[in-house]
Each structure stands twice: as structure tokens, then as C-alpha cells.
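Chain letters run A, B, ... following the sequence lines, proteins first, then strands; residues in each count from 1.
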Amino acid sequence: MSGPEGTCFEGGVFPAKIIFPTDYPLTPPKMKFTCEMFHPNIYSDGRVCISILHAPGDDPMGYESSAERWSPVQSVEKILLSVVSMLAEPNAESGANVDASKMWRDERELFNRRAKEIVKKSLGLDKTDTS
Amino acid sequence: MAESLEEDYTYSGDDDDDDDDADPNDYYGDECMEEDQEPVDEREPDPEYFEYKCLTVSEAKTFLQRQVEELCSKLKVDKRSALVLLMSHGWLIAELENRTEQDISNLLIEKGVLARHVPQAKRSVCGTSCSVCLQRKPRDEMKALLCSHFFCKDCWCKQFEVLINNGIASDLQCMAIDCHIGAPEDFVLSFLHVETIRKKYDKFIFRDYIKSHYNLRFCPGTDCTMVAQADKPQSKRVDCSKCKTSFCFNCCGAYHAPTDCETVKKWLMKCADDSETANYISANTKDCPKCHACIEKNGGCNHMQCSRCKHDFCWVCMGDWKFHGTEYYECSRYKEKPDIVNECAQVKAREALKKYLFYHGRWENHARSLELEAVTLGNINKRIQEKVMKNEGTWIDWQYLLDAAALLAKCRYSLQYTYPYAYYLESGPRKKLFEYQQAQLEAEIENLSWKIERAEKYQRGDLQNQMNVAEKRRQTLFKDFFPT
């Protein structure tokens, strides 16, 4: 997945796995980034936390009665779109990564810098040889 | 609301009421569950009195059914609409009956009972292929809710099974994206063919009804299916007529008078959170007498050096080590407390901790006493058996001992729950009064416990008298501090 343009994740290429359960499409697949990520809605192990991927009845943050839910007719394309828009606009209120949420909310500059580092890492560029 | 209906379920609890557990004529005291109801004296209503009924599942279902029917006839809507409206308003018919027709239909749209627009038949668009499994299916296998989103029977069935296994019942909806049309019971049931899943659905949907109901509560007892019903929900005691669990109607937790639901919740949370940590800190650490850093002693030597300020002191007397010299055990002599009563945060924290541990210790202690007294009750039963065998009186003659044990348990239970109340009570004359009454109650309870354990040595009258005194103390405290 490439980082959306015009955001702090611009230019990055982030590998991720989508794991489909045996009863797909009745229950949603899981998505996990396999590279290092730093984002309010991505757990430190790479799992993505967005409403569209939540199993029915499972609402860990207890906030999303109105948010977009999983439905058996949702498509993988829709999931990927949602994840891209999540990268562009984190939801700091329901943080999966509390540190990232805090930094996103209070120290945006620092967050942007951290995101840039992640982008570089995803491209295999070490800090020293960047232009 | 449905007052006229409720009479049907009233069981005659009040008939075998006694105004006093210690009534010498009350040989059947433990058979009925009204221990806590009472006084006949109406000038002084018992603050613990609470009117409620225990319904079985089928009684509760009938009751709900009647409420649905009542709303149907009042609003001229069908059962499904009435049900959804009731669930979203805590089953308060009064809140719904005066709404305008427009208001009601808006509500129904919002709740997914009615479709916002009359949908055009999308069947032709979808053809006969199901958009979930992407397979072509014969026309008659395609089903839809009133939103006309057609899916095949198999997919509906599997979807419902998955969701029901996740505990979703009354919120089952259409599978289409952003479609919030709810699935009525008969629609769901038409796809469920496995008996276990039908039962599950039935159970969950009943649970959803009760959970949304203002006047009904599930008994929290293990595997108990009874439902308590009260016209005016209050945080008062309910004794389940089946499993004998007593719980607070308002919060469904263990009964906690005279403390209120909020306070007891705070207290229990506090106990669960930090009692162990607090105990450890208090038992194993002291503050450095100079800089008040919290210090844990991890070796045998009592000569301590604070790692922060390098102050040398004695762990035993907390005095400066310099003055210990060679006569180490001088510090066993009692001295005035050194002047460390500073307003430092740590001193305050320790004070707060001390206060908490004081109350928590008593709370725990009474909980333990309750357990031990349950053992005593077992012994009493044995002793009574023996006496009856030896022809020393009949079973009935010794019944008063059981009454006494039951009363003791009740009083001690209340006493236990006075401690969280006292912990959160602000100091002042009211707290003084509370603590005075609490002490009185405690003293009488200990007397009673003493006498019950040595029941043979005391006259029956003596014991009876002690029971009356203890119960009186309890009621006095409740009258002053437990809101009616």
C-alpha cells in the first residue's frame, strides 16, 4: 500500500497482509502491516483497527454505532480505500496506539517527522543517505 | 403503565410478613424470603422496604407480550413496530402514547422498521445472483427485507448464525452496505433450522428485551433465569425467590445498603485496583525521614542510607544513625515522634493510604466473619440435630437459633457495607453521628455473635433480646442514613 499523497505518509510503500477467516465474507478479514508503522489506529504489532474491519458485536472502543460496519457485501477494495483514508486522517479518539494518538493530537510536528522516518524505512532508505 | 396487569403476578408476599424477625412466634422465619420487608407501623416506613415481584421466564414473557399489545392498540401500530418502539424507550408506554403519528413514523424509520423511501424492486437489477456468495440462485431462493436487498437463503442463514453466535439478536439487520433495516423475529426464524441456534436466538432476544426494560432486571445469580420486576426502580434489595441471591435492583450488584450504587462501585473498583499494592507499600516501605522518598527495605540491616539524599538513618526508630553509636538498641526506647509532619505530598499520600487501609481492613474483616459465621450456622444445625435425637426438645423448639444466625448474618452484612459509606463520607457532625451509630451496631453484633456461639449458656430470652437490640440498631442507622 502506498502512502496517500499530500499527507505525512506520502511516498511510502507499506507491505501488509490481509487474512481471510474461514467464514468470510460473513465475518471481516483482518489486516496487518508487516513493516514498522507509527499511527494512532495501528497497533504496535501492525494490526489495523478501523470500524469496517470489526467483527459484528465486537466494539472494543464502544463508539461506533453509527460508523461504517462490516457487511458481507463489502469488498476488499473498500477495505483498502478505508485504510488509505485512515492513513490520511487518523482517528485519535479511538487510539490503538496510545503514544501515536497523543503525539498526533499534541505534537503534530513531531508526529510528521516520525512518519517521514517510517516512510524512509519502508523504502529501505537509511537516514544517512536521504537527500 | 400496565398496573392492572401486574396484579396477576403478585404473589402474596405480604401475607406472611412479620414485623420483626425476632418474633418468638415466628418459627417459619427462614422459609419465607421477606426478612427485610416490614414494619407494619406505617408512621415509620422501613427504609429497606421495596415492592417487587419475581417473575419466571414465561411470566416475564407474558408481561412483555401484554405491554406490546397495549401499545399496539394505543398507537394503532403492528406488533413489530410496537416492540421496537418499546425497546428504544425502556418500555415506558407513557413516553410513547402521546406522540404524534408523524413523530412515531419518524421514529420507526430511524429504528429501521420502516424504509425511508419506498424502494424500487431491485430484484431485476440483481438478477438472480446473490451478491454475498456471487452464485446464481433460483428466484425463489432469493429473499429480502422490505428494503428489497435480495440475498440467497443460504447466505441469510449463515449470516444470522454467525451473528447470533456473537450474541446479536434484536439488532440483526439487512446485509447491504449502509442499510439499517432491521430483521423481524419471524424473518430471522424462517432461516434458522438448527434447534440449538433457534434456542440461542430466543434466549438472546429475550435478554435484549429485559436489558432494555426500565422495570425489569435479571437475577444475577449463577444460572438463575428469574426476572425481578418493580414499579419504581430504586437501589433497594431484591431477594430472588428461586436462587435466594440478594441483589440491588438498581445496579444488579450485591446488595449494598446503606451505601449507594455509585459509592459502592467506586469502593469496589478501588479495592480491586489497589488494595494489594497499598498493603504492600504500607507493610514494606517507609519514607526517608529527611527527603520523604519511599524506601523499600530489602536487606536485614537496619542501618539505612537513602539513595536519594544519602541520609543515614535507623529503620527501626527512623532517627539519625549518627546518634546510634555503639549502643544500637537504644532505639528500642520510646521517643516522641520526630517532627516530620510536613505537608509533603508523600506524607499526605501515606495518610490517605492509612485511611483507606483502615476502612478496607474492617470491610475485609467483616466479610471474613460472615464466612466464619456461615460455618457456625452449620454447627448449629448439627447441634440441633443432636439435641432432637436426645429428646431435648423438638426441632421447632430450637428453631430460634437458626433465626438468630440469619439475623446475625443480615446485620453483619449491613455493617460490612457501612464501611465504604463511612470512607466516602465527609468529616463533620453527620459523620460523627454515623460513626457513633456504626459503633453501636458493631458492639451489638459482636454481642450477638458471642451469644450465638455459646447458645447453650444463655437463656433463649436473653438471645432473643440481643437479637432485638441488634436489629433495632441496624434499623436506626438505616433510617438516618439510607434514603427511602
Side-chain angles (χ1 to χ4, degrees), chain A residues 1 4 16-32 41 43 47-89 91 93-96 98, chain B residues 87-88 110-112 122 125-127 129-135 137 142-145 147-183 188 191-192 197 200-201 204-205 207-208 211-212:
Chain A
M1 170 166 299
K17 273 198 287 195
I18 297 184
I19 303 135
F20 292 90
T22 48
D23 51 3
Y24 179 83
L26 302 167
T27 54
K30 293 185 177 66
M31 185 164 171
K32 191 173 172 179
N41 307 110
Y43 288 98
R47 275 178 302 133
V48 176
C49 174
I50 48 172
S51 63
I52 196 174
L53 290 183
H54 284 168
D58 160 37
D59 191 356
M61 306 300 174
Y63 64 98
E64 42 175 66
S65 49
S66 57
E68 192 172 34
R69 302 305 305 261
W70 175 253
S71 144
V73 286
Q74 294 282 21
S75 59
V76 176
E77 187 191 355
K78 191 70 195 292
I79 295 171
L80 295 176
L81 272 174
S82 301
V83 174
V84 169
S85 76
M86 173 205 79
L87 285 179
E89 292 166 42
N91 175 1
E93 259 126 68
S94 59
V98 181
Chain B
M87 282 185 74
S88 57
E110 190 190 312
K111 298 290 165 204
K122 290 185 184 159
V125 183
C126 304
S129 120
C130 166
S131 52
V132 174
C133 60
L134 307 175
Q135 283 171 355
K137 296 275 171 146
M142 300 294 283
K143 303 281 174 202
L145 288 162
C147 49
S148 300
H149 295 121
F150 282 89
F151 301 100
C152 76
K153 266 182 172 173
D154 291 342
C155 287
W156 277 118
C157 170
K158 280 185 202 138
Q159 167 78 353
F160 287 148
E161 282 184 8
V162 166
L163 292 178
I164 291 165
N165 280 325
N166 274 301
I168 300 175
S170 60
D171 300 330
L172 290 173
Q173 288 181 340
C174 172
M175 287 192 277
I177 298 169
D178 289 334
C179 178
H180 298 293
I181 295 296
V188 177
F191 296 104
L192 302 180
I197 202 98
K200 241 186 207 175
Y201 178 64
F204 287 148
I205 209 146
R207 174 207 63 191
D208 289 348
K211 292 265 180 198
S212 63

C155(B) portion near chain A, given a 4.5 angstrom heavy-atom threshold: backbone
Relative to chain B, which segment of P25(A) carries a heavy atom at a distance below 4.5 Å: side chain, backbone, both, or neither?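 The answer is the side chain of P25(A).
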Got a second to check how far H149(B)'s NE2 is from S71(A)'s OG, nearest 0.5 Å? 9.5 Å
Please round to the nearest 0.5 Å and tell me the distance separating atom CG of L26(A) and atom CG of N165(B). 11.5 Å
Determine whether Q74(A) and I177(B) make a side-chain contact, defined as any pair of heavy atoms from C-beta on separated by less than 4.5 Å.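 Heavy-atom side-chain distance check passes, below 4.5 Å.
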